[in-house]
Amino acid sequence: AEDIGLGGCKEKFTQNHVTGEYLDNLSNFTTDEIMRFISQCHMTWGDFINLCKELRRLKGITQSNMYPVMYSEFS
């Protein structure tokens with residue numbers, strides 16, 4: 001969280017039981033659920049966008065590590 005400027009959210013994430021699995025499901029959230037998440041974690045829209053970008057980046061790295069042959073064929 002500190003690496004992407006969200007170190008201040010760490011305590012709120014812990015208090016609200018925000019885990020990696022929870023964050024992985026953000027793309028399935030409704031608008032109301034996203035607004036509640038942002039409010040509960042005392043985040044700004046900018047923080048939320050940064051979080052989503054980082055999650056997308058990490059997910060891409062994880063997927064490419066899981067399937068190195070497939071990804072290398074398209075490089």
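Here the structure is a predicted model, which means the values were calculated and not measured.
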side-chain contact (heavy atoms from CB on, under 4.5 Å) between F48 and M35, worked out | CA-CA 10 Å; F48 180 74; M35 296 299 290; over 6 Å; no
For E11, the side chain to side chain contact (heavy atoms under 4.5 Å, CB included) test, sequence neighbours excluded, returns Q15
Taken in chain and number order and not counting sequence neighbours, the residues that satisfy ring pair (Phe, Tyr, Trp, His ring centres under 6.0 Å) with F29 are Y22
Which value, rounded to the nearest 0.5 Å, describes the distance between C41 atom SG and N16 atom CG?
-> 4.5 Å
Name all pairs fulfilling the salt bridge (Lys or Arg N to Asp or Glu O under 4.0 Å) condition that reach into residues 22-36, sequence neighbours left out, sorted by first residue then second.
-> D24-K59
Rounded to the nearest 0.5 Å, what's the gap from CZ on F37 to NZ on K12? Could you check?
-> 12.5 Å
Taking all heavy atoms of L26 and all of L55, pick out the closest pair and write down the distance.
-> CD1-CD1, 3.8 Å
Tell me, do C52 and R56 make a side-chain contact under 4.5 Å, heavy atoms counted?
-> yes
Joint hydrophobic cluster, I49 plus I34, side-chain heavy atoms closer than 4.5 Å = no
